[in-house]
Chemist: 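Pasting in a structure now, in structure tokens, and then I'll have a few things to ask.
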2 protein chains.
Amino acid sequence: MTLRNAWRRNNIGRRMNEAVRIFENRIIEHLKDHGHAELTSAHINLTRNLDEDGTRLTELARRASLTKQSMSELVDQVERTGLIEKRPDPADGRAKLVCFTEKGFEWLEAFHQSLEVAENEMREELGVAMVDLLVEALGKYVEARQGKQPDLAG
Amino acid sequence: MTLRNAWRRNNIGRRMNEAVRIFENRIIEHLKDHGHAELTSAHINLTRNLDEDGTRLTELARRASLTKQSMSELVDQVERTGLIEKRPDPADGRAKLVCFTEKGFEWLEAFHQSLEVAENEMREELGVAMVDLLVEALGKYVEARQGKQPDLAG
DNA sequence: CCAATTTAGTTCGGATGCCTGACCATATGA
DNA sequence: TCATATGGTCAGGCATCCGAACTAAATTGG
């Protein structure tokens, strides 16, 4: 790699990409090591958007930037593990509320612990202040650019 | 979302995940707007690991953390767009060197420009110093945690 | 109150992106 | 020289997503 082309290795997108992959792998690995092999990173795209008092499928899909068909499939898969269940929405006869089960809340607690482990590992490498700064900066970027992205069909 | 569960929205993994998705979408969008709809983000997992004097398939797969079968498929796809080509490796009769074509180098230049646009947008939101700090921190994290991840078969 | 429209969700079919296993051809080294 | 390692391919499969077309319930405008 010539100096002139150092940008190819050393750019924000690539760094973020590598970092997020390592970080998420670490969480999945830690979860598995502690008896929770139920879900993959695709499913976490569901659980992380699932409110504790339940969320409708269409809303889940919107939050995850997926079509409702894709989210429906994910919901069915996670439902088979027993971590979530579908309940009728009392406010709307068409709708179903996707909710954590008791077992699901236990999984969520385990996920929280695995997340903390991965975060602490990053704090060990970068220091607490740097990690705080990083979260703040990324959050600011996301908020500023949100809504400037094209929408999905579905 | 209760205060007790604020971690669910405000954690490093999620922030990085959102940021990287927005950033990469921006690059793909900008490339498309400038006459380069050839490649998707999956293909960039190839091109970003492709040296300017060519790289062997197995090495590409290793760098991208994919199996050689998967990388072979990506190579075939990108080859069909005319951006890369396979050449016999003079140093090894079994091997093929994957290389950018002339058109491929033009694409790489366009990619560079789109990347700069996306990076500059981030600098507008966060400031130049913050973005530099971010790249440095993520790079440090990646280097520190690299190799602590389990390897792939292939 | 009823017809037209919108909205929540499903079913079906298909593309994509990745994997494992089995294999062939060439290179390497005891 | 032949056993082993390495570069790459072929066949088959699974997971994750999409679009189109549909059902049923809710909403809205006369």
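Residue numbers start from 1 in every chain, and the chains themselves are labelled A, B, ... in the order their sequence lines are given, proteins ahead of strands. These numbers come from the heavy atoms of this one structure, side chains and all, not from hydrogens, waters or symmetry mates. Just so it is clear, the structure is predicted and the values come from calculations on it, not from any experiment.
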Chemist: Nearest to the side chain of A/A42, which nucleotide is it out of C/dT10, D/dC17, D/dG8?
Modeler: D/dC17
Chemist: Nearest nucleotide by nearest heavy atom, which residue falls closer to the 5' end of DNA chain C, A/D76 or A/R94?
Modeler: A/R94
Chemist: Give the rounded distance in Å between these two atoms: CZ of A/R56 and C1' of D/dA25.
Modeler: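 Roughly 11 Å, once rounded to whole Å.
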Chemist: Assess whether a salt bridge exists between A/R21 and A/E24, defined as any Lys/Arg side-chain N lying under 4.0 Å from an Asp/Glu carboxylate O.
Modeler: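 No.
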Chemist: Check every strand shown and say whether A/S70 touches a base, only sugar-phosphate, or nothing at a heavy-atom separation below 4.0 Å.
Modeler: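 The residue A/S70 makes base contact.
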Chemist: For A/E59, report the nucleic acid contact type (base, sugar-phosphate, nothing); a contact means any heavy atom under 4.0 Å.
Modeler: nothing
Chemist: Rounded to whole Å, please give me the gap between NE2 in B/H43 and P in C/dC18.
Modeler: 9 Å
Chemist: Would you indicate what B/E73 reaches in the nucleic acid, counting non-hydrogen atoms under 4.0 angstrom: base, sugar-phosphate, or nothing?
Modeler: nothing
Chemist: Would you kindly give the NZ-to-P distance between A/K68 and D/dC22, to the nearest whole Å?
Modeler: 14 Å
Chemist: Expressed in angstrom and rounded to an integer, what is the separation of A/Q77 atom CD from D/dC14 atom P?
Modeler: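 It is 13 Å, rounded to the nearest whole Å.
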Chemist: Reading DNA chain D from 5' onward, which residue's closest nucleotide shows up sooner: A/L74 or A/G93?
Modeler: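 It is A/L74, whose closest nucleotide lies nearer the 5' terminus.
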Chemist: Could you check how far NZ of B/K86 sits from P of D/dG8, rounded to whole Å?
Modeler: 10 Å
Chemist: Quick one: A/L60 CG to C/dT10 P, roughly how many Å, whole number?
Modeler: 11 Å
Chemist: Please check if the number of heavy atoms outside B/K32 that lie under 6.0 Å from its NZ is greater than 12.
Modeler: no
Chemist: Would you mind checking if B/R26 and B/D33 are paired as a salt bridge, meaning a charged N to carboxylate O distance below 4.0 Å?
Modeler: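 So B/D33 does not pair with B/R26 through a salt bridge.
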Chemist: Distance alone, cut at 3.5 Å: any donor-acceptor contact between the side chains of A/E73 and A/Q69?
Modeler: no
Chemist: Please confirm whether the shortest side-chain N or O distance from B/S72 to OP1 or OP2 of D/dC10 is below 4.0 Å.
Modeler: no
Chemist: Would you say A/T40 reaches D/dT16's phosphate, i.e. side-chain N/O to OP1/OP2 under 4.0 Å?
Modeler: yes
Chemist: Less than 4.0 angstrom between a side-chain N/O of B/T67 and OP1 or OP2 of C/dC18, yes or no?
Modeler: no
Chemist: Rounded to whole Å, please give me the gap between CD in B/Q69 and C1' in C/dT16.
Modeler: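 About 17 Å, once rounded to whole Å.
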Chemist: Take B/K96 and A/A91, find for each the nucleotide of DNA chain D with the closest heavy atom, and name the residue whose nucleotide sits nearer the 5' end.
Modeler: B/K96
Chemist: Please report the distance, rounded to the nearest Å, between CG in A/L57 and C1' in C/dT11.
Modeler: 14 Å
Chemist: Can you figure out which of C/dT26, C/dA8, D/dT16 approaches the side chain of B/D92 most closely?
Modeler: C/dT26
Chemist: Answer yes if the side chains of B/N17 and B/R14 hold a donor-acceptor pair under 3.5 Å, and no otherwise.
Modeler: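 No.
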